[in-house]
Amino acid sequence: MMENINNIVVSTRVRLARNLKDIPFPARLKGSPKSSEKVINTVTSVCDKLFNYDLLQMNKISDIDRIALLERHLISPNLAANTENGAVCIGKDNGMSIMINEEDHIRAQCFIRGFGLEECFKKVNAFDDKLSEMAQIAYDDKLGYLTACPTNLGTGMRASVMMFLPGLTICGELGGIINEVQQAGLTVRGIYGEGSKASGYFYQISNQITIGVSEVNLLKIVTNAVMKICEREQSARLRIYNQDKIALEDTVSRSLGILLYAKRITSEEFMEHMAKVKLGVALGILDLSMPMLNQLTELCQPANMCHYCGRNVDANERDIKRADLVRNKIQER
């Protein structure tokens with residue numbers, strides 16, 4: 001199973017929510033520039049000790065830049081909307097993204113492609129250790145780390161895995177999976193987290209419980225759930241293939257043909273056909289690089305297409321440029 005996991009798991013993230021002691025939560029920081037600046041200065045001081053980074057303040061970057069960061073999962077919708085005092089420190093080479101003055105003062109997160117909860121936790125925990133050395137953190141002996149939302153009390157940790165689940169979706173088995181993981185204290189969300197919709201068969205699996213369970217045990221719970229989902233997804237894919245191989249190969253080949261020869265393609269069309277192509281790669285129908293396809297999926301989102309073009313372009317031009325980009329990347333194989 002492990003040899004197939006990166007055809008199912010797209011990326012891994014571990015996030016820790018922290019707040020500085022004696023400073024109001026971000027929702028109460030409006031009109032308090034000194035307190036907001038103190039949070040930013042604290043985070044950058046910690047980052048200075050650990051890794052090279054870029055500091056981006058939401059009120060100093062364009063709308064397109066904020067949306068592009070959101071599409072790359074480096075910031076949340078809440079932070080993108082906070083143009084008063086929101087900021088983010090993005091590590092240049094280690095997958096770290098430290099959101100500042102989001103729902104909490106600090107949301108430190110680490111992303112990697114593929115599956116690697118322990119690796120992500122190790123990096124984000126190193127940041128947390130240094131933060132605790134350099135600042136006083138809001139903490140209660142009974143409740144653990146204090147957070148703006150009660151669901152984050154305790155460890156303040158969210159361990160999430162982005163999964164590509166066409167098999168379970170097509171077979172109509174995802175509802176049962178969602179019920180099972182909820183009973184285990186986990187949740188299933190869309191591609192951009194809470195409140196977002198699933199797109200291109202992408203789903204986030206993450207822990208819902210943060211209090212009363214250690215970080216190590218939370219990682220084990222999420223890992224066990226991901227392994228079981230991977231096994232069931234692999235089984236569902238094989239059943240789809242064996243039911244009618246020609247029909248599936250035809251569907252996959254038609255989608256590849258559209259991606260290769262379309263002169264204009266919308267975001268929605270791209271996600272639909274890319275999902276089918278990725279399923280074909282996972283089943284050995286097509287010989288393409290899954291990491292390349294995952295990266296292409298990120299690049300082809302609307303704001304990132306504007307970055308690719310080097311300027312803000314309208315939907316029609318984006319669709320034309322997207323078709324060019326997709327064709328060139330796939331033909332590079």
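Within the structure, ring pair (Phe, Tyr, Trp, His ring centres under 6.0 Å) contacts touching residues 252-288 (residues at least two apart or in different chains) do not occur. Identified under the ring pair (Phe, Tyr, Trp, His ring centres under 6.0 Å) test for residues 20-57, with sequence neighbours left out: none. Pairs engaging residues 283-311 under the ring pair (Phe, Tyr, Trp, His ring centres under 6.0 Å) rule: none recorded [sequence neighbours left out]. The list of side-chain hydrogen bond (donor to acceptor under 3.5 Å, both in side chains) pairs with a residue in residues 152-179, not counting sequence neighbours, reads Arg13-Ser160, Arg15-Asn152, Asn152-Arg158, Thr169-Tyr203, Glu173-Arg239. Screening residues 127-144 for side-chain hydrogen bond (donor to acceptor under 3.5 Å, both in side chains), with sequence neighbours left out, gives Arg18-Asp128, Lys130-Glu133.
Within the 4.5 Å cutoff, no side-chain heavy atoms of Thr12 are placed close to those of Arg113.
Members clustered with Leu146: Leu143, Leu153, Ile211, by chain and number, using a 4.5 Å side-chain heavy-atom cutoff among hydrophobic residues. Hydrophobic cluster membership of Ile320, counting Ile, Leu, Val, Met, Phe, Trp and Tyr whose side-chain heavy atoms lie under 4.5 Å apart directly or via other members: none, as it forms a cluster of its own.
A search for salt bridge (Lys or Arg N to Asp or Glu O under 4.0 Å) contacts involving Glu37 returns nothing, not counting sequence neighbours. With sequence neighbours excluded, the residues forming a side-chain contact (heavy atoms from CB on, under 4.5 Å) with Arg254 are Asp250, listed by chain and number. When the side-chain hydrogen bond (donor to acceptor under 3.5 Å, both in side chains) test is applied to Asp63, the partners found at least two apart in sequence or on another chain are Arg66. Applying the ring pair (Phe, Tyr, Trp, His ring centres under 6.0 Å) rule to Phe164 yields the partners Phe202; only residues at least two apart in sequence or on another chain are considered.
Under the 3.5 Å distance criterion, the side-chain polar atoms of Glu71 are left unmatched by any main-chain donor or acceptor of Glu298. Side-chain N or O atoms of His105 include one that pairs as donor or acceptor with a backbone N or O of Pro24 at under 3.5 Å. Of the possible donor and acceptor atoms, one in the side chain of Asp314 sits under 3.5 Å from a partner among the backbone N and O of Glu317. For the pair Arg327 (side chain) and Ala262 (backbone), a donor-acceptor distance under 3.5 Å is present. A donor-acceptor contact shorter than 3.5 Å is absent between the side chain of Ser255 and the backbone of Val252. Between the side chain of Asp104 and the backbone N or O of Ile106, no donor-acceptor pair lies under 3.5 Å. With hydrogens and angles disregarded, no donor-acceptor distance shorter than 3.5 Å links the side chain of Ser11 to the backbone of Phe111. Using modelled atom types, no side-chain atom of Gln182 and backbone atom of Thr187 make a donor-acceptor pair closer than 3.5 Å.
Linking Ile, Leu, Val, Met, Phe, Trp and Tyr residues whenever their side-chain heavy atoms come within less than 4.5 Å places Ile178 and Val161 in a single cluster.
Closest heavy-atom contact between Asn41 and Thr44: O-OG1, 3.0 Å.
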Quiz: residues 91-99 side-chain donor-acceptor pairs under 3.5 angstrom, not counting sequence neighbours:
unit_1: Asn94; atom_1: OD1; unit_2: Met96; atom_2: N; d: 3.1
unit_1: Ser97; atom_1: OG; unit_2: Leu74; atom_2: O; d: 2.6

